[in-house]
Amino acid sequence: LMPALSPTMEEGTLAKWLVKEGDEIHAGDVIAEIETDKATMEVEAVEEGVLGKILVPGGAEHVKVNTPIALLLEEGEDAAALENVDLSHPEPVEGTPSPQASPPRGEEAPSATAASSPPPPAGEVAAKPPEGARIKASPLAKRMAREAGLELSSITGTGPHGRIIKRDIEAALARGPAPVAAPAQAAAPGGYDLVPLDGMRKTIAKRMTESFRDVPHFPLTIDCRLDALLAARKAINTAMADEGIKISVNDFIIRACALALKKEPGANASYTPEGLKLWHDADIAVAVAIEGGLITPVVRRAQTKGLAAISAEVKDLAARAKARKLMPEEYQGGTFTVSNLGMMGIKSFASIINQPQGAILSVGAGEKRPVVNGDELGIATVMSVTLTCDHRVVDGAIGASFLRYFKQFIETPSMMLL
């Protein structure tokens, strides 16, 4: 069955099979790769036997959890055991063949339901599907309609669940092809490429819309001087070059956030209808841009880790995030998020809260700015950060308290040693 790789997974992409029909499989063997909205994960067999038939091919999208994807033959069984298997299979997923035996010469074999249902009488007009509804048609029917210039929405489907199949196209051609309607002559900008939404982008769109709409939020911005931190970073990296240790500014920021959250635990909280959850550990989620979207791997118990440990962990998590090889527990369950666009030259910005966390810190670029030292004008490297707060959890005073501690750690990095 299609496995659930996380508590919230409802469907996924069966990226590829690592075994083929006829292969002997043992419990624990890696047999396939499944793509969720955030990662590509290997699936291990839980039973032993011979792979008798693959029901869902590699590359199939939108495969529902617990859908049968393959049949195993147990000891003593042969291919004859596959003939009368009752799969209790739901409607086939879009873009995949029916789990029945493959028909000859690439033609679609109608199911028992379709075979017993005669096509509609000539001239009968099917109810047009609601606007925007997905039209169900077999790959062969889609190709035939496209080549003949037929509009699928005008054709009655006689396959399972109203699916349009080969004989429906043939019947439509016998009545005379209906040309595809010409596009409306409305004034519009130049052409465009439509990029279909994958699981990750759909999840981002859904979660960010819910967060921005449902969470009463407000921003708090503060400037931090970086000169002492940059000097400390240079000294550490010079001293530890032979050990292969290279600390980034972001490593300091993660460490400073974790320590500031311990100083101001009210900012390390989540809202629930039953009450506020005050988290014991600072599990810092770090926003990482990957192809097609964003993911937030989590540095667990960051308040207990030094700069070198944080640096090594972030590098490992970011590399595996970009390869979509993270396990769900590595990017779920953070208590606070850091999003840093400073390396891209962004001066300041305010992020959308990563629910159910109570706050997210947006980090801008460090840049030379004029500053006032006493009664004199000087130059310092300054970084602007913005804390977006869930007002149900983090009041203005709590947010300001967190930023005060964060600023102290950033401007006096030796305090992180205490």
Side-chain angles (χ1 to χ4, degrees), residues 221-264 282-290 296-322 334 336-349 351 360-374 376-387 402-418:
T221 300
I222 196 169
D223 292 336
C224 304
R225 298 193 188 186
L226 290 180
D227 299 281
L229 185 149
L230 294 176
R233 173 177 177 262
K234 181 178 180 180
I236 291 172
N237 289 343
T238 299
M240 302 303 293
D242 292 341
E243 303 292 331
I245 294 175
K246 187 174 183 180
I247 308 300
S248 70
V249 172
N250 206 50
D251 298 329
F252 279 95
I253 290 170
I254 294 170
R255 171 79 172 154
C257 282
L259 296 177
L261 289 173
K262 296 307 290 183
K263 290 281 191 178
E264 181 47 78
D283 294 336
I284 307 295
V286 183
V288 175
I290 63 176
T296 52
V298 180
V299 180
R300 304 286 175 187
R301 305 189 70 225
Q303 80 278 8
T304 67
K305 297 174 180 177
L307 291 169
I310 290 173
S311 178
E313 189 168 341
V314 170
K315 287 184 176 69
D316 172 63
L317 289 170
R320 289 190 292 115
K322 291 177 180 179
F336 185 92
T337 296
V338 173
S339 181
N340 190 344
L341 290 178
M343 67 289 294
M344 298 182 180
I346 301 301
K347 183 175 181 178
S348 66
F349 66 107
S351 300
I360 182 171
L361 188 72
S362 307
V363 181
E367 58 182 5
K368 297 287 187 181
R369 300 184 198 172
V371 296
V372 176
N373 297 315
E376 297 182 355
L377 187 64
I379 297 176
T381 304
V382 180
M383 171 183 74
S384 295
V385 299
T386 298
L387 184 72
F402 166 83
L403 286 175
R404 176 170 64 87
Y405 288 119
F406 175 82
K407 179 181 175 75
Q408 288 176 352
F409 286 122
I410 290 295
E411 296 190 342
T412 312
S414 56
M415 289 180 61
M416 296 189 203
L417 301 176
L418 298 176

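Here, residue 1 is the first one in the sequence, and each next residue gets the next number.
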**OP:** Quick one: pull up CE in M383 and SG in C224 and give me the separation to the nearest 0.5 Å.
**Re:** 4.5 Å

All N/O donor-acceptor pairs, side-chain side in residues 249-262, below 3.5 Å, sequence neighbours left out:
unit_1 : atom_1 : unit_2 : atom_2 : d
N250   : OD1    : N340   : ND2    : 2.9
D251   : OD1    : S248   : OG     : 3.4
D251   : OD2    : S248   : N      : 2.9
D251   : OD2    : S248   : OG     : 3.1
D251   : OD2    : S311   : OG     : 3.1
R255   : NH1    : Q303   : O      : 3.3
R255   : NH1    : K305   : O      : 3.0
R255   : NH2    : M416   : O      : 2.8
K262   : NZ     : H280   : O      : 2.5

Original post:
Which value, rounded to the nearest 0.5 Å, describes the distance between R301 atom CZ and I284 atom CD1?
Top reply: 13.0 Å

Subject >> For L341, side chain to side chain contact (heavy atoms under 4.5 Å, CB included) partners two or more places apart >> reply: M344, I346, F349

Subject >> Contact list for residues 222-232, test salt bridge (charged side-chain N to carboxylate O under 4.0 Å, His left out), sequence neighbours left out >> reply: D223-R369

Original post:
How far apart are the C-alpha atoms of L387 and F336, what are their side-chain angles, what is the distance that settles it, and do they pass the side-chain contact (heavy atoms from CB on, under 4.5 Å) test?
Top reply: CA-CA 11 Å; L387 184 72; F336 185 92; 3.8 Å; yes

Subject >> Residue pair I360 / S339: nearest heavy atoms and the distance that separates them >> reply: CD1-CB, 4.5 Å

**OP:** Quick one: closest heavy-atom pair of K322 and A289, and the distance?
**Re:** CE-O, 3.8 Å

Subject >> K234, NZ atom: more than 12 neighbouring heavy atoms under 6.0 Å >> reply: no

Subject >> From CD1 (I410) to OH (Y405), nearest 0.5 Å >> reply: 16.0 Å

Subject >> OG1-CG distance between T386 and L361, expressed to the nearest 0.5 angstrom >> reply: 8.0 Å

Original post:
About how many Å separate CG of D283 and CZ of R300, when rounded to the nearest 0.5 Å?
Top reply: 5.0 Å

Subject >> Exercise: identify the closest heavy-atom pair between L377 and P370 >> reply: CD1-CB, 4.2 Å

Original post:
Which atom names give the shortest non-hydrogen contact between G378 and N373, and what distance separates them?
Top reply: CA-ND2, 4.1 Å

Original post:
If you take all heavy atoms of S362 and S351, which pair is closest and at what distance?
Top reply: OG-OG, 2.7 Å

Original post:
Do I236 and L307 have side-chain heavy atoms sitting under 4.5 Å apart?
Top reply: yes

Subject >> Over 12 foreign heavy atoms within 6.0 Å of CD1, I379 >> reply: no

Subject >> Residues in side chain to side chain contact (heavy atoms under 4.5 Å, CB included) contact with R404, at least two apart in sequence or another chain >> reply: S401, Q408

**OP:** Just do the side-chain contact (heavy atoms from CB on, under 4.5 Å) check on T381 and E367 with the steps written out, would you?
**Re:** CA-CA 5 Å; T381 304; E367 58 182 5; 6.0 Å; no

Original post:
Got a sec, which residues hit ring pair (Phe, Tyr, Trp, His ring centres under 6.0 Å) with F406, two or more places apart in sequence or on another chain?
Top reply: none

Original post:
How many angstroms lie between CE in M240 and CG in N237, if you round to the nearest 0.5 Å?
Top reply: 9.5 Å

Subject >> Closest approach of G366 to L226 (non-hydrogen atoms, all atoms of both residues) >> reply: CA-CD1, 3.8 Å

**OP:** Please name all residues satisfying side chain to side chain contact (heavy atoms under 4.5 Å, CB included) with D242, sequence neighbours left out, ordered by chain then number.
**Re:** none

